[in-house]
Q: 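Mind having a look at this structure? Questions to follow.
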Amino acid sequence: MTSRRVRVRLGERSYDAIVGEGLLRGLGPRVRRACATARRALLVEDRGVPARTRDAAADSLARAGLLVRRVPLAGGEGVKSPRVLERLLAAAADARLDRDDPIVSLGGGAVGDVAGLAAATYRRGTPWINCPTTLLAMVDAGVGGKTGVNLATRRGLLKNAAGCFHQPRLVVCDVAALRSLPRREFSAGLAECLKHALIARSTPRRDPSLLARTDGLLARPANRPTITDPLAALIARNVALKAGVVEHDEFERRAAGGRVLLNLGHTFAHAAETLAGLRTPAGRPLRLLHGEAVGLGLIAAANSAATLGLCPATLPASVAELVGRAGLPTRVAGLPSAAVLRRRMLDDKKSRGGVLRLILPLALGVCEVVAAPPARAIDAGWDAVRA
Ligand SMILES: NC(=O)c1ccc[n+]([C@@H]2O[C@H](COP(=O)([O-])OP(=O)(O)OC[C@H]3O[C@@H](n4cnc5c(N)ncnc54)[C@H](O)[C@@H]3O)[C@@H](O)[C@H]2O)c1
Ligand SMILES: [Zn+2]
């Protein structure tokens, strides 16, 4: 499999994202090139990644002459906490990292988000090398420089409530790591691929055929972790699409047309993924993964748009079909009332000044920002995913 390189162009903060097979075995020389004066490295590892893969990355860093301190973390959303952030900062200090020494994260988006925030804040900023190991983290969280942790508040858990922008120096997506990824997590990553495909015509690096390509992969039961060149190519195209959006609006300042587009489905998703008491349509208890919540959010957004007459009436069914074929839930039981859900959406940090902004599809691949959508449109979105 050939490796693919995507350049994220952000002036002096520019960097490469590399997608290929077996890249972690050669991580050391790449980190050396990205951080020429480094002597030490803190390797923040996701325990969900098989030890063999993590050891290979650590060995490669050591062979490249870096003194490596390893910090294994239980993977998953729970690591995105101020407590884990403090632990990483203390580990960096104990390992005597200086400002040229990188923090290297190896794991899912959650480990990347907290390790990235540690890199952003340790001694006011150290280099960060990000090695995403889930499909979701490769296609989405890996590039863009958003780092953060969740905050436990009286109103419940607020996602990504503390964090900052800190671009990585290098992103290494070793698709071989995806072999151990559970099927459910793989499908969660496909949700972000679908999100990208559904905004692809509205982004700077327009990729009008991304939807057809994603669709093609879904048809060839790719919701199983089979590592193929077409999958690596799709990951690279998703990285390029996100890179284009980030280059256009690095700090999410544009009210329309910038990074905010990447929030398609996410205002619904963030409300859904922290809910307790959800069940599958068959009645089994269900805790939604981020990607699963995004899949539901895509369906909900399509239905909101259709209710407002913004998109063809057939669009919601097309979106639901894509989400279903990715192996993701299309409906959940146990959602609270429409009023409760609307209030949770207002809590989401995207609702600036108390005004809710939804990204809604106008056609497959084309989206726009709609400020203060009427309640009936939001409720129609939720109704579409209510089992
Ligand atoms: N920073 C951003 O721009 C951005 C963008 C999208 C999502 N995110 C964040 O990313 C997080 C979700 O990331 P995620 O979907 O990667 O989930 P995750 O980080 O929670 O990882 C999912 C699970 O997979 C395990 N795992 C990781 N790599 C594995 C591998 N190779 N084999 C087997 N198991 C493996 C982990 O241990 C964990 O249990 C959320 O917190 C979300 O908010 C951030
Ligand atoms: Zn997301």
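Counting convention: from 1, in listed order, for ligands and their atoms alike. Owing to the predicted nature of the structure, the values given are computational and were not obtained by experimental measurement.
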Q: Could you identify the single nearest non-hydrogen protein atom to atom 27 (C) of ligand 1 and state the distance to 0.1 Å?
A: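 Going atom by atom, the protein heavy atom closest to atom 27 (C) of ligand 1 ends up being T134 CG2, 3.3 Å.
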
Q: For atom 23 (C) of ligand 1, what's the nearest protein heavy-atom neighbour? Residue, atom name and distance, please.
A: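 For atom 23 (C) of ligand 1, the nearest protein heavy atom comes out as E185 OE2, 3.5 Å.
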
Q: Between R13 (side chain only) and Q167 (backbone N and O only), is there a donor and an acceptor less than 3.5 Å apart?
A: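 No, the answer is negative, given that no donor and acceptor are paired below the 3.5 Å cut-off.
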
Q: Below 4.0 Å from ligand 1: does a non-hydrogen atom of R179 turn up there or not?
A: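 R179 does not count as a contact of ligand 1 under the 4.0 Å cut-off.
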
Q: To which protein heavy atom is atom 7 (C) of ligand 1 closest, and what is the distance rounded to 0.1 Å?
A: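 Going by distance alone, atom 7 (C) of ligand 1 is nearest to L136 CD2, 3.7 Å.
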
Q: Go through the steps to decide whether D113 and T147 satisfy the test side chain to side chain contact (heavy atoms under 4.5 Å, CB included), and finish with yes or no.
A: CA-CA 4 Å; D113 278 7; T147 71; 5.6 Å; no

Q: Can you tell me if H266 uses its side chain to pair, donor with acceptor, with the backbone of L264 under 3.5 Å?
A: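 Flag set: sc H266 to bb L264 pair under 3.5 Å.
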
Q: For the Zn ion (ligand 2), what is the closest N, O or S atom on E192?
A: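 The closest N, O or S atom of E192 to the Zn ion (ligand 2) is OE2.
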
Q: Looking at N130, is its backbone amide N or carbonyl O close enough to the side chain of S105 to form a donor-acceptor pair, meaning the two atoms are under 3.5 Å apart?
A: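 No: the side chain of S105 does not pair with the backbone of N130.
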
Q: Return yes if some donor-acceptor pair links the side-chain N/O of T280 with the main-chain N/O of G283 below 3.5 Å, else return no.
A: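 Checked: pair present.
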
Q: Taking the side chain from T267 and the backbone from L358, do they hold a donor-acceptor pair closer than 3.5 Å?
A: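 No, T267 side chain to L358 backbone: no donor-acceptor pair under 3.5 Å.
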
Q: Is a side-chain donor or acceptor of K242 paired with a backbone partner of D140 at a separation under 3.5 angstrom?
A: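 A pair under 3.5 Å: yes.
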
Q: Can you check whether R386's main-chain N or O pairs, donor with acceptor, with R331's side chain at less than 3.5 Å?
A: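 The answer is yes, because a donor-acceptor pair under 3.5 Å joins these two groups.
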
Q: If the cut-off is 4.0 Å to any non-hydrogen atom of K242, which atoms of ligand 1 fall inside it?
A: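 Contacts of ligand 1 toward K242, numbered from 1: 3 (O).
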
Q: Is the shortest N/O to N/O distance between G107 and ligand 1 below 3.5 Å?
A: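 Between G107 and ligand 1, no N or O pair is found under 3.5 Å apart.
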
Q: Indicate if V49 and I129 have the same hydrophobic cluster label, given that clusters are the connected sets of ILVMFWY residues with side-chain heavy-atom separations under 4.5 angstrom.
A: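 Different clusters: V49 never reaches I129 through Ile, Leu, Val, Met, Phe, Trp or Tyr contacts under 4.5 Å.
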
Q: Taking C367's backbone N and O only, do any of them form a donor-acceptor pair with S202's side chain (distance below 3.5 Å, no angle check)?
A: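 Present.
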
Q: Give me the residue, atom name and distance of the protein heavy atom closest to atom 44 (C) of ligand 1.
A: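 The closest heavy atom on the protein side is D113 OD2, 3.3 Å.
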
Q: How far is atom 34 (N) of ligand 1 from the closest protein heavy atom, and which atom is that?
A: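 The protein heavy atom lying closest is G48 O, 3.3 Å.
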
Q: Indicate, as side chain, backbone, both or neither, the part of T133 found under 4.0 angstrom from ligand 1 when only non-hydrogen atoms are considered.
A: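 Looking at T133 and ligand 1, atoms from backbone and side chain both fall under 4.0 Å.
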
Q: Mind checking whether G76 has a heavy atom under 4.0 Å from ligand 1?
A: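 Yes, G76 has a heavy atom closer than 4.0 Å to ligand 1.
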
Q: By number and element, which atoms of ligand 1 are closer than 4.0 Å to a non-hydrogen atom of S180?
A: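 Ligand 1 atoms under the 4.0 Å threshold to S180: 30 (C), 31 (N), 32 (N), 33 (C).
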
Q: What residue and heavy atom of the protein are closest to atom 2 (C) of ligand 1, and at what distance?
A: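 It is A141 CA, 3.6 Å.
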
Q: Which of the atoms in ligand 1, numbered in the order shown and given with their element, are less than 4.0 Å from a heavy-atom of E77?
A: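 Checking each atom against E77, I get 20 (O), 40 (C), 41 (O).
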
Q: By number and element, which atoms of ligand 1 are closer than 4.0 Å to a non-hydrogen atom of A110?
A: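 In order of numbering, the contacting atoms are 10 (O), 11 (C), 13 (O), 19 (O), 20 (O).
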
Q: Is R47 close to ligand 1, meaning an N/O of one under 3.5 Å from an N/O of the other?
A: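 N/O-N/O distance under 3.5 Å: no.
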
Q: Only heavy atoms of K159, strictly under 4.0 Å: list the atoms of ligand 1 that pass.
A: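 This gives 40 (C), 41 (O), 42 (C), 43 (O) as the contact atoms.
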
Q: According to a hydrophobic-cluster definition based on side-chain heavy atoms being under 4.5 Å apart (Ile, Leu, Val, Met, Phe, Trp, Tyr only), do L234 and L262 belong together?
A: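 Both belong to a single hydrophobic cluster.
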
Q: So is V111 polar-close to ligand 1, meaning N/O to N/O under 3.5 Å?
A: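 Such a contact does not occur with ligand 1.
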
Q: For ligand 1, which atoms have a heavy atom of G109 less than 4.0 angstrom away?
A: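 Result: 10 (O), 11 (C), 13 (O), 14 (P), 16 (O), 19 (O).
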
Q: If hydrogens are left out, which of P50, G75, A74, G108 has an atom nearest to atom 39 (O) of ligand 1, that is, the closest non-hydrogen atom?
A: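 The nearest heavy atom belongs to G75.
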
Q: Determine the interplanar angle of the H166 and W128 rings, folded into 0 to 90°, and report it as parallel if under 30°, tilted if 30 to 60°, perpendicular if over 60°.
A: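 Judged by the thresholds at 30° and 60°, the geometry between H166 and W128 is parallel.
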
Q: Measure the distances from the heavy atoms of G144 to every atom of ligand 1 and state whether one is below 4.0 angstrom.
A: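 It does not; every heavy atom stays at 4.0 Å or beyond.
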
Q: Select one of side chain, backbone, both or neither to describe which atoms of K146 lie under 4.0 Å from any atom of ligand 1, heavy atoms only.
A: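 Within the 4.0 Å criterion, K146 contacts ligand 1 through backbone and side-chain atoms alike.
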
Q: Is there a donor-acceptor pair under 3.5 Å between the side chain of S60 and the backbone N or O of G28?
A: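 Confirmed, S60 side chain pairs with G28 backbone.
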
Q: Please could you name the atoms of ligand 1 that V49 approaches to less than 4.0 Å, counting only its heavy atoms?
A: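 It comes down to these atoms of ligand 1: 28 (N), 29 (C).
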
Q: With heavy atoms only and a cut-off of under 4.0 Å, state how T53 meets ligand 1: side chain, backbone, both or neither.
A: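 T53 to ligand 1: no contact under 4.0 Å from either part.
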
Q: Check whether V172 and L136 end up in the same hydrophobic cluster, where Ile, Leu, Val, Met, Phe, Trp and Tyr are linked by side-chain heavy atoms less than 4.5 Å apart.
A: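 V172 and L136: separate clusters.
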
Q: Would you call R259 and D249 a salt bridge, taking side-chain N to carboxylate O under 4.0 Å as the test?
A: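 D249 and R259: not salt-bridged.
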
Q: Would you say N150's side chain and S81's backbone share a donor-acceptor pair under 3.5 angstrom?
A: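 No.
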
Q: Does ligand 1 have a heavy atom under 4.0 Å from the side chain of D46, from its backbone, from both, or from neither?
A: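 D46 to ligand 1: side-chain contact only, backbone stays beyond 4.0 Å.
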
Q: Kindly give the atom name of the N, O or S atom of H290 closest to the Zn ion (ligand 2).
A: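 The closest N, O or S atom of H290 to the Zn ion (ligand 2) is NE2.
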
Q: Going by the atom numbers of ligand 1, which of them fall below 4.0 Å from some non-hydrogen atom of K80?
A: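 The list of qualifying atoms is 9 (C), 40 (C), 41 (O), 42 (C), 43 (O).
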
